[in-house]
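Both counts, for ligands and for their atoms, begin at 1 and track the order of listing.
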Amino acid sequence: MSFNSSDWIKGKKRIHLIGVSGSGMTPLAEILLDLGHRVSGSDIKPVADRLVLRGLEFTLGHEFSKMDEVDAVVASAAIPDENREWMEAKKRKISRFRRGEVLAQLAQGKKLVAVMGSHGKTTTATLLAQIFHEAGLEPCFYLGGYSPALGVSGAWKKGEWLIAEVDESEGAPAQMRPWAALLLNADHEHVDRYADEKAVVAAYREVLGQVTGPVVVVAKEEKAAMEATMGVKTKVTFGWEKSEADYVGQWEGESANGIQFGVMKSGKDLGSFSVAATGRHNGGNALGGLALAAELGVEVEKIRKGLKAFRRADRRFEILTSGPGLEVVDDYAHHPREVEATIASARTRGRARVVAIFQPHRYTRLATFMSGFAEALRNADHVVILPTYAAGEKTMEGAGVEQLVGAIQEKGGKVDLAGSMSECRSILGRLWQEGDLFLVMGAGDVTQMARKMAKDFHGFYKVRDLAKGEGVVRWYEPMRKHTTIRIGGPAQVWFEPESEAALGRVVEWCAKEGVPLTVVGRGSNLLVRDGGISGVCVHFGQPGMSKIEVVDGKIHAGAGARLKQIVAVAKANGIMGLEFMEGIPGALGGAMRMNAGAMESWTFETIESVRVMDRKGKVSEVLRGEFEVKYRRVPRLVEEIAVGAVLHGKPGNPEEIAEKLKQYSRKRWDSQPAAPSAGCIFKNAEKIPAGRLIEELGLKDTAIGGARISPVHGNFIVNQGGAKAVDVLALMDQVRARAQKDRGIDLEPEVIVVGEDE
Ligand SMILES: Cc1cc2nc3c(=O)[nH]c(=O)nc-3n(C[C@H](O)[C@H](O)[C@H](O)COP(=O)(O)OP(=O)(O)OC[C@H]3O[C@@H](n4cnc5c(N)ncnc54)[C@H](O)[C@@H]3O)c2cc1C
């Protein structure tokens, strides 16, 4: 099937985009939809909803199945030649293009305004698109990020101009024949393609040499940019005070509303301009955009209006939340110079501390700029480093995040290394101090964490408010600290109430706002997924909710009281019948909800009444007889919260009780593993105990990741060190499938699984 360059403009073709969710491909998809093509796309991460709403057919992953219908396939530079869909298209002889080639072909029918440089392209191209749009010129544009003001990242319109970010990373700029160009800077970037600054300069020179109209370039302090424009016919320069540029900017200041600067053009005063952006570097971008628009004949007043209408592109110093407790800013910075400028901007916000959260992008870039990154990052008060976002690259020896951490420490910076996004959240929960600014930087998927964090903080702050100092409230508490199997991502809000009243306020608020609430006992029958728990986790860890008292020979205990302590009090007071509880590592609340049992006895046999709080925060005393009690499940306590109980036994003498305890303890030690576990994983089947069944299936000692089916007891999965919830869940699936296949038995989990996947 042949596909001509004119086919792009004519529309009505069937085009498939590989890697469509990437920032360079999404605007292309929007342009192709505008042109009337039928567009499909695939990616390992979801595509923006607005594209699906416009009819893009999206496939998650690289399993696109309708290749036979397709006229042309486009892939970004990040897609390797071995990509399944890319190879399939080749096999079927479908026309294949790289993104840069398509942009070059689209540009043939328009006057291309190329925005180039190592940093600031997206902001500046967006500014220019906004100026041309406000001036009524109906420009086509192709931006590397979503523009909130324009509602898209790419568009094809009637106007004669096509404003596009031209990315040197694809090596395709040579095919572009821009009508006008703007060069913002020319640092060594895209190190996988260009060996050094010279190679970058040569690439720019190749494109700029072909420009018909004006080339606007940053003034001569930027040596590399000047070299790149040597020999250019119509060169116009811009720069700050003291530069001998054609357009000279006078910095007037920065406030919460943005930046302000005056402009002199060849001695003529153009007045003052304001832009809702941060930092001098963005002032420079705006000045460059202004100069180019003016050179292309846009009236100064329209430029002023366009700049005013600008709203920064997503992820360009995007303030996701801002309050007295915390400000979260998300930025695309992924080059040392961008990191440095972004931290400098963050400093101007006047917050107590700047905590930088950095996800390096590509191993090659990290290797090349290791010390530059360390130098830039140490300017933050504290740094958290995430694993490198590979963007298709293979790992590189000596270019690990561990080296970056070492380099920051060497320069005197304070730094933590997070092994995953959820670990990063746990670290931030621990680091957070009132008034902080969390600055999230990187070109990878770290933005999703930034957005989640900004949202999650509100819940935490509200609960802290509601608690009124009665108890402990923490943000992103790592759940592995609170489960006996030592596994689990962070709890969004961790709340240990000191009183029923404080608990009641939070419970009521959760119900009203639809915030999920999870009660966590000693975490001894709990498996928390690696992504942690959303909403509020209540834990009765404070003295006010775990008291034990004996009144008239009966035990009155708070839900947080440990079974072991209850048994000790019972023994000291000559109360017999609770000894079976001694080796169960739970608290009273969890034991009641599970109706925990051992040695032929059950928790509810010892219960006289329970203090229960409903989901509106109201407490009532409920007698034993009113509860439906099932095997390892008391339905009412799944819905409501046990806050305390009265337990009874029969009179006995302490020696007799001590003898029984010894006997039970021996029995336990012989039959249970000592390694961290979550107790019994499955409920016993009708005909056979789960442990025996697993042993008979030959599955004892089977391991996945750090999790292993205990060689001591088949119904225990132990954490051998570093196990994740996904490992345990995979083992559970394996056991269930085998039990079903070999014995026709449907094993039901006893362990309670909560939370979300990473
Ligand atoms: C080594 C080991 C040995 C074990 N041996 C036994 C045993 O012999 N017999 C046995 O039955 N179990 C045993 N278990 C499992 C576990 O100890 C029990 O199920 C225990 O009762 C759970 O209590 P917990 O406080 O840890 O609850 P968690 O594990 O924290 O929670 C369990 C469930 O109870 C809910 N819950 C917790 N507190 C409350 C509350 N106040 N109100 C309402 N719901 C609540 C939770 O939301 C969750 O759904 C063992 C576990 C381990 C690790």
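Between H713 and F716, the ring center distance clears the sub-6.0 Å criterion. Taking the six-membered ring for Trp and the full ring otherwise, the centers of F460 and W432 sit less than 6.0 Å from each other. Aromatic pair Y664/F580: ring centres not closer than 6.0 Å.
When the options R632, E639, R593 are ranked by their closest heavy atom to atom 45 (C) of ligand 1, first place goes to R593. The residue among I485, I584, V612, I752 with a heavy atom at the shortest distance from atom 14 (N) of ligand 1 is I584. If you check each of A675, G521, S524 against atom 20 (C) of ligand 1, the one with the closest non-hydrogen atom is S524. Here atom 28 (P) of ligand 1 lies nearest to G523 when heavy atoms of S671, G523, A591 are compared. The residue from V519, V753, V718, L588 that puts a heavy atom closest to atom 46 (C) of ligand 1 is V519. When the heavy-atom distances from atom 43 (C) of ligand 1 to V538, L637, L527, V643 are ranked, the shortest goes to L637. Atom 3 (C) of ligand 1 has its nearest heavy-atom neighbour, among R636, R522, Q672, in Q672. Among G590, P585, C680, G589, the residue whose heavy atom lies closest to atom 2 (C) of ligand 1 is P585.
With a 4.5 Å cut-off on side-chain heavy atoms, R351 and S322 count as touching. Looking at heavy atoms from C-beta onward, E686 lies out of side-chain contact with I745 at the 4.5 angstrom threshold. Contact check for L526 versus V751: no side-chain heavy atoms found under the 4.5 Å cut-off. A heavy-atom distance below 4.5 Å is found between the side chains of E758 and S420. At a threshold of 4.5 Å between non-hydrogen side-chain atoms, the residues I533 and M479 count as touching. Side-chain contact between E496 and F540 is absent, with no heavy-atom pair separated by less than 4.5 Å.
Of all the atoms in ligand 1, the ones that sit under 4.0 Å from a non-hydrogen atom of T484 are 53 (C). Near G586, the atoms of ligand 1 lying under 4.0 angstrom from a non-hydrogen atom of the residue are 17 (O), 23 (O), 24 (P), 25 (O), 26 (O). Close approach of ligand 1 to A596 is summarised as follows: ligand atoms under 4.0 Å from at least one heavy atom of the residue are 10 (C), 11 (O), 21 (O).
Of the polar atoms of A598, none of the N or O atoms is found under 3.5 Å from an N or O of ligand 1, judged by distance alone. No N or O atom of F540 sits closer than 3.5 Å to an N or O atom of ligand 1.
The nearest protein atom to atom 29 (O) of ligand 1, hydrogens excluded, is given as N525 N, 2.8 Å; this is a heavy-atom distance. In terms of protein heavy-atom proximity, atom 9 (N) of ligand 1 is nearest to G597 O, 2.7 Å. The nearest heavy-atom contact from the protein to atom 31 (O) of ligand 1 is L526 CD1, 4.1 Å. Ranking protein heavy atoms by distance to atom 53 (C) of ligand 1, first place goes to G679 N, 3.2 Å. Ranking protein heavy atoms by distance to atom 5 (N) of ligand 1, first place goes to R668 NH1, 3.3 Å. The nearest protein atom to atom 42 (N) of ligand 1, hydrogens excluded, is given as A642 N, 3.0 Å; this is a heavy-atom distance.
Ligand 1 lies within reach of E640, whose nearest heavy atom is under 4.0 Å from it. Within the 4.0 Å heavy-atom shell around ligand 1 one does not find M592. Every heavy atom of T518 sits 4.0 Å or more from the atoms of ligand 1.
K683 and E748 are joined by a salt bridge, as a carboxylate oxygen and a charged side-chain nitrogen come within less than 4.0 angstrom of each other.
In this pair, W475 and F438 present their aromatic rings parallel. The plane angle is below 30°, not in the 30 to 60° band.
Within 6.0 Å of NZ on K564 lie no more than 12 heavy atoms contributed by other residues, nucleotides or ligands.
In this model, a donor atom of one side chain and an acceptor atom of the other lie less than 3.5 Å apart for Y476 and D456.
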